[in-house]
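Structure record follows, encoded as structure tokens.
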Amino acid sequence: MSRLAGVGVVAVVALLVGFILADQVRSQLLTPSNQVARYQALVRSVQDLEASNAGSRRQIADLRAQIDALESDAAARSATTQALQSQVSDLRAHAGLVAMHGPGVEVLLRNGVPGPDSGGGSGYLVNFQDVQDVVNLLFAQGAEAVAVNGRRITPLSSFSGSEGQIVIDQGPPVTSPVKLDAIGDRNRMVAALDDPSALPGVRARQVQFQLHLTFEGLPDVSLPAYDSSLQIPNVAAS
Amino acid sequence: MRGLSVWLIALLVAFVATVQIRSQAEVERSLVGVDATSLAFLIDDLHSANDTLASEKADLTRLRASLQSGQTGAADQALTDEAQRLRAIEGLVPVQGPGVVMQIDARGLTALDLEDALNNFMAAHAEAIDVNDHRVVTGVAVEQTSEGVTIGGAVVAAPWTLSVIGDSARLAQVAELMSQQLRADRRVRTATYRTVTDVVISSVISEKPFVYAIPS
């Protein structure tokens, strides 16, 4: 009888241990799978928003082309309209709203490798400040037009982002490799890019993380037109 | 019997371990590159960008409808309005509007500090900026020289007064954050800002003709 009771106690204890173990295993497994689901939902949202962003930019480019054609039709019928259109064409070109080509440089920035003493930092990633610094350097050397991964820089352009994500204006984020194209005096721009004292942040990380910076002068660089918003609702002419 | 129990337990442990390791690997594989917080910020940015693009599309659609109507003078009006707007964007004409005025008195701030400050305002949709009576747009060179920081080749000595036109609330948020950061910088004596209902920017940029760039 006492042996039977002993078996019963062991069975109950085993059952309890089993439940505790099962619960522990279940909770261990649930956390990662929930993380995956949440992460995948976020990724899907980003993908949907990026698709919508690309669609809107295509529509804006189409609308601008249609408006340009309608204005050209009107200009063909009126000298006043023709003079106005000529002025606007020049202003549009300077604002980045017209595709351009000409001699220039192509600059390539690519992520380095995480160093053993990077402490989980993101210094090996190309960041928005790197892109901003290269764009500023190119403009300082007389660049007449600049594009980053096919996104045209305008007088109102800004750079933001985190880690290796680079956000330019209303476009989707750009990541490494980042290609910058600029039209202008290619010898002057190449000389400035070659100057060891230029781009100190990038050069330091070239040594520390093998961040990749290359550039070459080209006889003909093509840049697309800007395809996003250039609204200034708060500005009035004085 | 005892041997069979040991095998069963070993099998169970191996199964649980495999499931656990696979789940972990799946998480790590999908998390490569961007963390969830950065993704959330990215979603916020994209929502905001898409709203701005939608507004631009609506404006352009209205403009196209006006031109298609064939109304007398519609093209002239559209071109005149666009010319005025583009001149303001390119910094070719004086402008005014709501915004903020920020003053930074410091010793030893560099061109990179000024570029960052300007970019912060640009990222907050600044529509026009002036620093010590020098108009700034993206493309105007801000450089470090032996004489100090220059804007478009002209030396801009401290204290710096940044006059910025745009959405005042949004610009004020950025100015507040920058002020806090600057005050923690030992080089900075004072960093203040005020919201202004009508910032007037009289400085202009001279238009430079293209030498190398040709419309495609």
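No hydrogens, no waters, no symmetry mates; every other heavy atom, side chains included, goes into these values. Each chain gets a letter, A, B and so on, in the order its sequence line appears, and its residues count up from 1.
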Does any N or O in the side chain of A/H94 come within less than 3.5 Å of the main-chain N or O of B/K208, such that one atom is a donor and the other an acceptor? yes

Heavy-atom distance under 4.5 Å between the side chains of B/I89 and A/T154, does that happen here? no

Only residue of B/L63, B/T61, B/D59 satisfying side-chain contact (heavy atoms from CB on, under 4.5 Å) with A/L63 is B/T61

Paired with B/T138, the side-chain contact (heavy atoms from CB on, under 4.5 Å) test is passed by just one of A/D169, A/I153, A/L156, namely A/I153

Where does [X] contact chain B at under 4.5 Å (heavy atoms): side chain, backbone, both or neither?
X	value
A/R92	both
A/S157	both
A/Q132	side chain

Going by distance alone, is a donor N or O of one side chain under 3.5 Å from an acceptor N or O of the other, for [X] and [Y]?
X	Y	value
A/Q231	B/S55	yes
B/D76	A/T81	yes
B/T52	A/Q170	no

Within residues 209-216 of chain B, contacts to chain A at heavy-atom distances under 4.5 Å involve B/P209, B/F210, B/V211, B/Y212, B/A213, B/I214, B/P215, B/S216

Expected contact set for residues 139-156 of chain B against chain A at heavy-atom separation under 4.5 Å reads B/G139, B/A141, B/E143

Determine the minimum heavy-atom distance between [X] and [Y], stating which atoms define it.
X	Y	value
A/L91	B/E90	O-OE2, 2.5 Å
B/L42	A/P173	CD1-CG, 3.3 Å
B/L53	A/S229	CD2-N, 3.9 Å

Applying salt bridge (charged side-chain N to carboxylate O under 4.0 Å, His left out) to B/D198 and not counting sequence neighbours gives none

Residues of residues 219-228 of chain A with a heavy atom under 4.5 Å from any heavy atom of chain B, in residue-number order, are A/S228

